[in-house]
Protein chains: 2
Amino acid sequence: IREVVTGIPTERKISKITINDLDDTPGVAANIFMPLANQGINVDVIVQSAGNKGKTNLSFTLSENHLNQAIELLNTSNQINSKNISSEKGLAKISIVGTGIQNQPGYAAKMFKNLADATVNIEMITTSEIRITCIIKDSDIEKAAQVLHKEFFG
Amino acid sequence: IREVVTGIPTERKISKITINDLDDTPGVAANIFMPLANQGINVDVIVQSAGNKGKTNLSFTLSENHLNQAIELLNTSNQINSKNISSEKGLAKISIVGTGIQNQPGYAAKMFKNLADATVNIEMITTSEIRITCIIKDSDIEKAAQVLHKEFFG
Ligand SMILES: C[C@@H](O)[C@H](N)C(=O)O
Ligand SMILES: C[C@@H](O)[C@H](N)C(=O)O
């Protein structure tokens with residue numbers, strides 16, 4: 001059968017910033033990312049899950065060498081209360097990539113199940129048509145890559 | 001200059017399910033998506049932003065004709081308290097796609113700013129290397145597509 005997963009890319013030494021208790025109203029996301037873009041801070045994964053009672057939280061990943069500059073910038077924003085900003089270093093990104101993933105319901109479940117069996121905690125999830133990405137602890141990356149290669153490449 | 005954004009795909013009549021107050025421990029995501037996959041329920045976008053004090057929430061989108069079946073399935077799960085499950089119909093997906101997006105900080109900010117100026121609220125965000133996707137209200141899709149075409153295709 002045609003191999004659906006064609007790659008398992010990883011990236012290490014990633015950090016993330018989470019902003020909790022944001023107003024879920026137009027303009028809030030723009031006010032977070034415009035100043036970062038103006039300073040040339042390259043953001044990688046951006047994730048906002050659905051809000052609850054008018055509030056939401058938003059997380060994004062960036063390289064460790066931009067982390068402090070980004071936090072300082074966000075602390076100066078009059079839209080965000082700095083007690084709602086948290087960050088974490090020492091993360092990694094692992095994905096399964098392939099054009100057939102989208103139409104076959106079990107790929108995400110299989111990826112999550114393999115990570116679970118290897119006791120790898122998933123900190124963030126983001127998907128696109130051809131890719132499922134998990135943010136995990138950097139110290140788990142070798143174990144995670146091993147079990148996913150075994151599952152999808154046999 | 002080389003055009004970076006090569007497409008603005010949209011999809012309508014989407015619904016989403018959000019599960020709040022999940023334990024942020026290995027296996028929780030697998031226990032949500034394995035039963036859905038076993039029933040052949042195709043999930044599209046999956047988003048989990050970072051947790052807080054050991055808890056997290058997770059949202060995913062699916063077609064409207066699978067919504068009720070998915071909710072019923074989740075209600076039977078012994079891992080999830082059904083009061084933590086919420087859903088919403090009448091949503092749409094809009095993305096900007098292009099290989100150069102990743103290395104130029106400003107694309108996400110520009111997309112969010114244009115949606116904000118058009119008073120379109122962003123309900124979920126998910127990104128990959130070549131794509132930034134927003135989930136918005138289905139009733140906002142025409143306005144959103146118009147302002148993004150104007151910004152990125154001039
Ligand atoms: C939280 C943020 O995404 C907000 N809903 C906005 O549209 O900007
Ligand atoms: C919430 C869920 O993603 C959990 N952290 C897991 O690894 O399954």
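None of these values were measured; they are calculated from a predicted model. Sequence lines set the chain letters: A, B, ... in the order given, protein chains first and strands last, and positions in each chain run from 1.
- Both A:Val4 and B:Val43 belong to a single network of hydrophobic side chains, linked directly or stepwise wherever heavy atoms of I, L, V, M, F, W or Y lie under 4.5 Å apart.
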*Dump the intermediate steps for side chain to side chain contact (heavy atoms under 4.5 Å, CB included) on B:Asn121 and A:Asp24, then the final yes or no.*
CA-CA 7 Å; B:Asn121 191 50; A:Asp24 196 357; 3.2 Å; yes
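- Tracing side-chain contacts under 4.5 Å through hydrophobic residues (I, L, V, M, F, W, Y), one never reaches A:Ile132 starting from B:Ile130; they form parts of separate clusters.
- If you chain together hydrophobic residues whose side chains sit under 4.5 Å apart, B:Ile14 and B:Ile96 never meet in one group.
- Only the side chain of A:Asn52 comes within contact range of chain B, judged by heavy atoms closer than 4.5 Å.
- Criterion: ILVMFWY side-chain heavy atoms under 4.5 Å apart, direct or through other members. Under it, B:Leu148 and B:Val5 are part of a common hydrophobic cluster.
- Per-residue heavy-atom pair counts under 4.5 Å with chain B were compared for A:Gly51, A:Ser95, A:Ala37, A:Ala118, and the maximum is reached by A:Ala37.
- Listed options A:Leu115, A:Thr133, A:Thr25 were ranked by heavy-atom pairs under 4.5 angstrom with chain B; first place goes to A:Thr25.
- Under the 4.5 Å side-chain heavy-atom criterion for Ile, Leu, Val, Met, Phe, Trp and Tyr, A:Phe153 and A:Met111 are members of the same hydrophobic cluster.
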*A:Arg131/B:Glu129 under side chain to side chain contact (heavy atoms under 4.5 Å, CB included): CA gap, chis, key distance, verdict*: CA-CA 10 Å; A:Arg131 186 186 188 104; B:Glu129 272 59 12; 3.3 Å; yes
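- In the displayed structure, B:Lys150 atom NZ is contacted under 6.0 Å by at most 12 heavy atoms of other residues, nucleotides or ligands.
- Using a distance-only test at 3.5 Å, with no hydrogens or angles considered, a donor-acceptor pair links the side chain of A:Thr126 to the main chain of B:Thr127.
- Residue A:Asp117 does not touch chain B at all, counting heavy-atom pairs closer than 4.5 Å.
- Between the B:Gln48 side chain and the A:Ile122 main chain, a donor and an acceptor come within less than 3.5 Å of each other.
- Looking at A:Lys16, only its side chain comes within 4.5 Å of chain B, counting heavy atoms on both sides.
- Both the backbone and the side chain of A:Val45 come within contact range of chain B, each with at least one heavy atom under 4.5 Å from a heavy atom of that chain.
- At a 4.5 Å heavy-atom cutoff, the contact between A:Asn20 and chain B is made by side-chain atoms alone.
- Within a 6.0 Å sphere centred on NZ of B:Lys113, heavy atoms belonging to other residues, nucleotides or ligands number 12 at most.
- Interface residues of residues 63-87 of chain B toward chain A, defined by a heavy-atom distance below 4.5 Å: none.
- In terms of modelled atom types and a separation under 3.5 Å, the side chain of B:Ser59 and the main chain of A:Ala50 share a donor-acceptor contact.
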*asked:* Pair B:Phe112, A:Ile46 - check side chain to side chain contact (heavy atoms under 4.5 Å, CB included), show working.
replied: CA-CA 12 Å; B:Phe112 301 154; A:Ile46 302 171; 4.1 Å; yes
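- A 4.5 Å side-chain heavy-atom check between B:Val47 and A:Ile125 finds every atom pair outside the cut-off.
- Between chain A and the options B:Ala109, B:Pro35, B:Gly40, heavy-atom pairs under 4.5 Å are most frequent for B:Ala109.
- Within 6.0 Å of atom NZ in B:Lys55, more than 12 heavy atoms from other residues, nucleotides or ligands are found, so the atom counts as buried in its surroundings.
- With a 4.5 angstrom heavy-atom cutoff, A:Thr56 does not touch chain B via any of its atoms.
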